[in-house]
Amino acid sequence: MMNYEKARRTILEKVAPAGIERVLLLEAAGRVLAEDYSAPSDMPRWDNSAMDGFAVRSAGCAPGTVLKVTDYIPAGVSSGDAVVEGCAARIMTGAPIPPGADAVVPIEETEAGEQSVKLLLQVKKGDHIRFQGEDVGRGDLIMPKGTLIGPPQVSLLASFSAAVVPVYRRVRVAILSTGDELVEIGTEPKESQIVNSNALALACAIKLCGAEPVILGIARDNRESHLALLTEGLKADVLVTSAGVSAGDRDLVREILAELGVMEQFWKPGVKPGGPTAFALRGNTPVFSLPGNPVSTMITFDEFVRPALLRMMGHEKALRRTVRGYLKEGTRKKAGKLNFLRVQVTIEDGRYLASTAGDQNTGILKTMLRCNALALLPADRTEFAAGEEVELHLLDPTLEMED
């Protein structure tokens with residue numbers, strides 16, 4: 001039985017970015033830049049005014065000086081008329097600085113007339129001018145490969161007219177549920193039947209990663225159904241199955257995958273919940289076989305599948321944020337497996353405090369609604385006291401300490 005840490009290392013060592021595509025800028029939002037991006041020009045491209053006011057020659061501009069206003073330069077217009085001594089040009093924010101001027105006086109620091117302006121404060125050379133290249137210089141590396149593209153990145157790329165951007169490709173993830181007891185959503189389940197909720201939960205989790213889910217349906221508990229749907233699933237970039245991966249006589253997933261040339265990398269990674277989880281490869285196609293219990297399915301997806309999908313889409317940070325926190329209640333477990341304890345974390349007095357999210361039985365789905373983190377309880381321990389420090393995987397990215 002492979003331990004948890006080695007299982008995660010194995011997965012991340014075996015997967016690689018799925019490829020590069022060029023997309024329109026807005027479609028790149030939330031994607032990962034696949035090539036270094038260097039500035040094709042200076043930013044700003046020219047010296048320009050940072051304020052609405054008056055462009056002046058700073059020499060001799062003492063408080064009380066009155067200057068003749070000889071020009072008006074709105075944004076989007078440049079002027080070839082030089083500002084000479086004793087004169088000023090009315091200028092708007094963003095407009096190019098005219099020849100001869102070396103400072104801008106904000107309008108609120110003046111008493112302006114129709115054709116003259118009185119300066120109220122001392123003026124220094126360079127005041128309120130945004131100089132060419134002061135933000136970004138031509139040729140500067142401004143976004144290295146691996147940058148996650150958000151609003152600031154889109155803004156800067158748009159400023160350089162980068163209409164098409166190279167990003168790592170979204171991966172297509174096939175989802176296959178197994179079991180004769182399953183019915184699809186919209187069908188009223190009869191006694192002994194259950195709705196195929198795992199497919200939709202997995203599709204939701206996959207979409208939140210930025211990947212594309214492809215729901216294949218339900219493989220019934222026979223060889224023909226499994227063979228047909230698993231064959232179809234292996235056409236995707238990644239295949240994720242739920243249920244049918246344990247050791248029962250109707251658990252056919254691993255057997256059929258082996259027939260299809262899928263090479264198992266590990267089975268049973270020493271965790272609870274999620275003990276029967278398997279990871280395999282056919283060529284470069286990762287295959288994750290998850291348990292069928294919804295709680296186990298969601299937890300093993302988050303711990304094993306999600307990091308792989310993010311890595312395949314170019315994310316350098318593929319793992320959940322990990323912090324140290326403290327248990328508010330004591331707990332016990334059996335030795336031999338690392339346990340994922342569903343907890344609700346709060347921040348109190350600068351510390352993360354973890355309370356149990358409720359009954360930890362894997363049949364209790366509502367604890368997944370309550371939990372915002374998983375506490376990792378080491379395999380070799382059985383008892384954990386209230387106040388003990390533990391490792392926490394934060395499921396809620398908004399759980400941040402205040403500065």
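Between the side chain of Thr65 and the main chain of Cys61, no donor-acceptor pair closer than 3.5 Å is present. For the pair Asn48 (side chain) and Trp46 (backbone), a donor-acceptor distance under 3.5 Å is present. Checked by atom type and distance alone, the side chain of Gln265 pairs as donor or acceptor with a backbone atom of Met263 at under 3.5 Å. The backbone N or O of Pro144 lies less than 3.5 Å from no partner atom in the side chain of Asp36, so there is not a single donor-acceptor pair. Formation of a donor-acceptor pair under 3.5 Å by the Asp140 side chain with backbone atoms of Gly137 is found in this model. Between the side chain of His315 and the main chain of Val32, no donor-acceptor pair closer than 3.5 Å is present. Using a distance-only test at 3.5 Å, with no hydrogens or angles considered, no donor-acceptor pair links the side chain of Ser155 to the main chain of Pro151. Within the 3.5 Å criterion, the main-chain N or O of Pro276 finds a donor-acceptor partner in the side chain of Trp267. Side-chain atoms of Asp42 do not come within 3.5 Å of backbone N or O of Gln132 as any donor-acceptor pair. Asn372 places no side-chain N or O within donor-acceptor distance of the main-chain N or O of Asp396, the cut-off being under 3.5 Å.
Residues Leu327 and Glu389 have side chains not in contact (no heavy-atom distance under 4.5 Å, counting atoms from C-beta outward). In this structure, Arg324 and Glu391 have side chains that are in contact, with non-hydrogen atoms separated by less than 4.5 Å. Here the side chains of Ser289 and Leu257 are in contact, with some heavy-atom distance below 4.5 Å. Side-chain contact check for Val69 versus Cys87: every heavy-atom pair is 4.5 Å or farther apart. The shortest side-chain heavy-atom distance between Ile11 and Pro307 does not fall under the 4.5 Å cut-off. Inter-residue side-chain proximity for Arg332 and Arg381 is flagged as unmet; no heavy-atom pair is nearer than 4.5 Å. Two residues are said to be in side-chain contact when any heavy atoms from C-beta on lie closer than 4.5 Å; Asn196 and Val183 fail this criterion. Two residues are said to be in side-chain contact when any heavy atoms from C-beta on lie closer than 4.5 Å; Val167 and Ile149 meet this criterion.
Here Leu290 contributes atom CG and Leu176 contributes atom CG; the two are 11.5 Å apart, rounded to the nearest 0.5 Å. Rounding to the nearest 0.5 Å places CZ of Phe384 at 8.0 Å from OG1 of Thr331. Taken from CG in Leu141 to OG in Ser38, the straight-line distance is 5.0 Å, to the nearest 0.5 Å. With values rounded to the nearest 0.5 angstrom, Phe160 atom CZ is found 8.5 Å from Met143 atom CE. Atom CD of Glu27 is separated from atom CZ of Arg22 by 14.5 Å, given to the nearest 0.5 angstrom. One distance of note links OG of Ser116 with NZ of Lys68; it measures 10.5 Å at 0.5 Å rounding.
Residues Val104 and His128 approach most closely at O-CD2, 3.3 Å, considering heavy atoms. Listed here is the closest heavy atom pair of Leu216 and Gly233: CD1-CA, 3.5 Å. Taking each heavy atom of Arg321 and Leu399 in turn, the nearest pair found is NH1-O, 3.2 Å. In terms of heavy atoms, Cys209 sits closest to Leu309 at SG-CD1, 4.4 Å. In this structure, Phe131 and Gly126 approach most closely via the heavy-atom pair CZ-CA, 3.9 Å. For Ala354 against Glu329, the heavy-atom pair with the smallest separation is O-OE1, 4.1 Å.
Using the six-membered ring where Trp is involved, Tyr4 and Phe340 have ring planes that are perpendicular, over 60° apart on the 30 and 60° scheme.
Annotation for Leu26: atom CG does not count as buried by contact number, only 12 or fewer foreign heavy atoms lying within 6.0 Å. Residue Ile185 qualifies as open at atom CD1: its count of foreign heavy atoms under 6.0 Å is 12 or below. Remark: Lys337 NZ is packed, more than 12 non-hydrogen atoms of other residues, nucleotides or ligands lying under 6.0 Å away. Heavy-atom contacts from other residues, nucleotides or ligands closer than 6.0 Å to CD of Gln115 number 12 or fewer. Heavy atoms of other residues, nucleotides or ligands lying less than 6.0 angstrom from NZ of Lys333 number more than 12. Within a 6.0 Å sphere centred on CG of Asn222, other residues, nucleotides and ligands contribute more than 12 heavy atoms.
A side-chain contact (heavy atoms from CB on, under 4.5 Å) with Pro273 holds for exactly one of Asn361, Thr362, Thr297; it is Thr362.
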- [ ] Apply salt bridge (charged side-chain N to carboxylate O under 4.0 Å, His left out) to Glu109 and Lys118, showing your working.
- [x] CA-CA 9 Å; Glu109 295 179 7; Lys118 180 179 180 180; over 6 Å; no
TODO: Verify side chain to side chain contact (heavy atoms under 4.5 Å, CB included) between Met298 and Asn198, making sure each step is shown before the conclusion.
DONE: CA-CA 8 Å; Met298 284 185 275; Asn198 278 352; over 6 Å; no
Task: Candidate pair Asp47 and Arg130, rule salt bridge (charged side-chain N to carboxylate O under 4.0 Å, His left out), full reasoning - done: CA-CA 6 Å; Asp47 296 350; Arg130 295 187 291 222; over 6 Å; no
Task: Leu157/Tyr37 under side chain to side chain contact (heavy atoms under 4.5 Å, CB included): CA gap, chis, key distance, verdict - done: CA-CA 9 Å; Leu157 289 165; Tyr37 185 83; 3.8 Å; yes
TODO: Would you please test Asp237 and Arg170 for salt bridge (charged side-chain N to carboxylate O under 4.0 Å, His left out) and show each step?
DONE: CA-CA 9 Å; Asp237 298 307; Arg170 293 188 192 276; over 6 Å; no
- [ ] Quick one: do Tyr168 and Glu21 satisfy side-chain hydrogen bond (donor to acceptor under 3.5 Å, both in side chains)? Show the steps, please.
- [x] CA-CA 6 Å; Tyr168 288 105; Glu21 61 182 352; over 6 Å; no
Open item on the list: Could you go through Val56 and Val123, starting from their C-alpha distance and side-chain angles, then the distance that decides it, and tell me whether this counts as side chain to side chain contact (heavy atoms under 4.5 Å, CB included)?
Closed with: CA-CA 9 Å; Val56 301; Val123 179; 4.1 Å; yes
TODO: Evaluate salt bridge (charged side-chain N to carboxylate O under 4.0 Å, His left out) for Arg223 paired with Glu259, printing each intermediate quantity in order.
DONE: CA-CA 11 Å; Arg223 187 179 183 282; Glu259 290 181 23; 2.3 Å; yes
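The pair Arg57-Asp102 fails the salt-bridge criterion, with no side-chain N (NZ, NE, NH1 or NH2) lying under 4.0 Å from an Asp/Glu carboxylate O. One finds a salt bridge joining Glu232 and Lys235 here, because a Lys/Arg side-chain nitrogen approaches an Asp/Glu carboxylate oxygen to under 4.0 Å. The pair Arg8-Glu13 does not meet the salt-bridge criterion, since no charged nitrogen lies less than 4.0 angstrom from a carboxylate oxygen.
Pairs passing the side-chain hydrogen bond (donor to acceptor under 3.5 Å, both in side chains) check and including a residue from residues 71-89, sequence neighbours excluded, read Asp71-Ser79.
Judged by the 6.0 Å and 45° rule, Arg306 forms no cation-pi pair with Phe301.
Between the side chains of Ser41 and Arg138, no donor N or O sits under 3.5 Å from an acceptor N or O. In this structure, a donor-acceptor pair under 3.5 Å is present between the side chains of His393 and Glu303.
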